[in-house]
Amino acid sequence: MSGTSSALRPPADAVAPVRHPDAPAPGELLGAHYGQCFGCGGDQPHGLHLEARAGEGVRITAEFTVKPAHQGAPGLAHGGVLASALDETLGSLNWLLRTIAVTGRLETDFVRPVPVGTVLYLEAEVTAVAGRKIYSSATGRIGGPDGPVAVRADALFLEVKVEHFIDNGRPEEIRAATDDPDQVRRARAFEVNP
């Protein structure tokens, strides 16, 4: 975006992102990292239930349907919900890098209203990496990959250790996630931006 703040412009020494060799294959559905996640979790009745798929390189696509519980103005998606969808999509990129990262900054442009019942199609990519900083951008289109642009975002994610979540999360949820007997679910709970 031309109006991107300087905090979201990669420094001169940034490098191109590299897809991790163990990243999900292109076309693979990423699935929820945590059932209670508002963005991707299936256990949230009013959540986005966003479904993301790995793309080529360090790109993903995602979709979610705007439900009545997501509206702000009558019949239209709430801007905060749209920002959440962008944040969730951008956070899912970290699966392709196989790193744990959290949102440091998110700048969103709201281009056009998104009606309830709309399927929002999102595309995101990592554009650069500089140390712990991961720069990325996303676009949301109404109805499909060729639909009109509704929202755009640029983001800065910061790589963190799993202790970031353990030290800052609510003890009940942290205990439930770390005590889960399913080792895969336990590890995935902390894989991407919560």
Peer 1: Are L122 and F110 connected in a single hydrophobic cluster, I mean Ile/Leu/Val/Met/Phe/Trp/Tyr linked by side-chain heavy atoms less than 4.5 Å apart?
Peer 2: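 Both belong to a single hydrophobic cluster.
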Peer 1: Sequence neighbours left out, what passes side chain to side chain donor-acceptor pair (under 3.5 Å) with R132? Give chain and number order.
Peer 2: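 By the side chain to side chain donor-acceptor pair (under 3.5 Å) rule, R132 matches no residue at all.
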Peer 1: Around atom NE2 of H46, are there more than 12 heavy atoms from other residues, nucleotides or ligands closer than 6.0 Å?
Peer 2: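 No, not enclosed.
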Peer 1: If you compare all heavy atoms of P10 against all heavy atoms of A14, which two are closest, and at what distance to 0.1 Å?
Peer 2: CB-CB, 3.8 Å
Peer 1: Can you check whether T127 reaches P17 side chain to side chain, under 4.5 Å on heavy atoms?
Peer 2: no
Peer 1: Would you list the atom pairs, donor with acceptor, under 3.5 Å between side chains in residues 50-61 and any protein atom, with sequence neighbours excluded?
Peer 2:
residue: R53; atom: NH1; partner: G27; partner atom: O; Å: 2.9
residue: R59; atom: NH2; partner: E125; partner atom: OE1; Å: 3.2

Peer 1: Kindly give the heavy-atom pair with the smallest separation between V66 and P115, and that separation in Å.
Peer 2: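 Closest heavy-atom pair between V66 and P115: CB-O, 3.8 Å.
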Peer 1: Report yes if some heavy atom in the side chain of K133 is under 4.5 Å from a heavy atom in the side chain of L158; otherwise report no.
Peer 2: yes
Peer 1: Applying the 4.5 Å side-chain criterion to the ILVMFWY set and letting contacts propagate, would Y121 and L90 be lumped into a single cluster?
Peer 2: no
Peer 1: Please examine the side chains of F64 and E88, heavy atoms only from C-beta on, and report whether any two atoms are closer than 4.5 Å.
Peer 2: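 Side-chain contact under 4.5 Å: no.
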Peer 1: Are the side chains of V151 and L120 in touch, meaning some heavy atoms are under 4.5 Å apart?
Peer 2: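 Side chain of V151 against side chain of L120, heavy atoms only: contact under 4.5 Å found.
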Peer 1: Would you say the side-chain atoms of H70 pair up with the backbone N or O of G47, donor to acceptor, closer than 3.5 Å?
Peer 2: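 Side chain of H70 to backbone of G47: a pair is present.
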Peer 1: Measuring from atom NE2 of H49 to atom CD of E63, what distance do you get when rounded to the nearest 0.5 angstrom?
Peer 2: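 If we round to the nearest 0.5 Å, H49:NE2 and E63:CD are 15.0 Å apart.
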Peer 1: Tell me the closest heavy-atom pair linking G91 and F157, and the distance in Å.
Peer 2: N-CZ, 3.5 Å
Peer 1: In sequence, state the C-alpha distance, the side-chain angles, and the governing distance for L86 and T108, and then conclude on side chain to side chain contact (heavy atoms under 4.5 Å, CB included).
Peer 2: CA-CA 8 Å; L86 288 161; T108 306; 3.5 Å; yes
Peer 1: For G117 and T65, which heavy atoms make the closest approach, and how far apart are they?
Peer 2: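 Closest pair (atom of G117, atom of T65, distance): O-CG2, 4.1 Å.
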Peer 1: Could you tell me whether the side chain of R152 and the main chain of E107 form a donor-acceptor pair under 3.5 Å?
Peer 2: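 Judged by distance alone, no pair lies under 3.5 Å.
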Peer 1: Would you mind reporting whether V126 and L96 have side-chain heavy atoms less than 4.5 Å apart?
Peer 2: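 A side-chain contact is absent here, since even the closest heavy-atom pair is not under 4.5 Å.
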Peer 1: What are the two closest non-hydrogen atoms of A153 and L106, and how far apart are they?
Peer 2: CB-CD1, 3.8 Å
Peer 1: Mind listing the closest non-hydrogen atom pair of A130 and Y135 along with its distance?
Peer 2: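 The pair with the smallest heavy-atom distance is CB-CE1, 4.2 Å.
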Peer 1: Indicate if V116 and V81 have the same hydrophobic cluster label, given that clusters are the connected sets of ILVMFWY residues with side-chain heavy-atom separations under 4.5 angstrom.
Peer 2: yes
Peer 1: Mind checking whether R141 and V149 have side chains closer than 4.5 Å, heavy atoms only?
Peer 2: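 With C-beta onward as the side chain, the pair touches.
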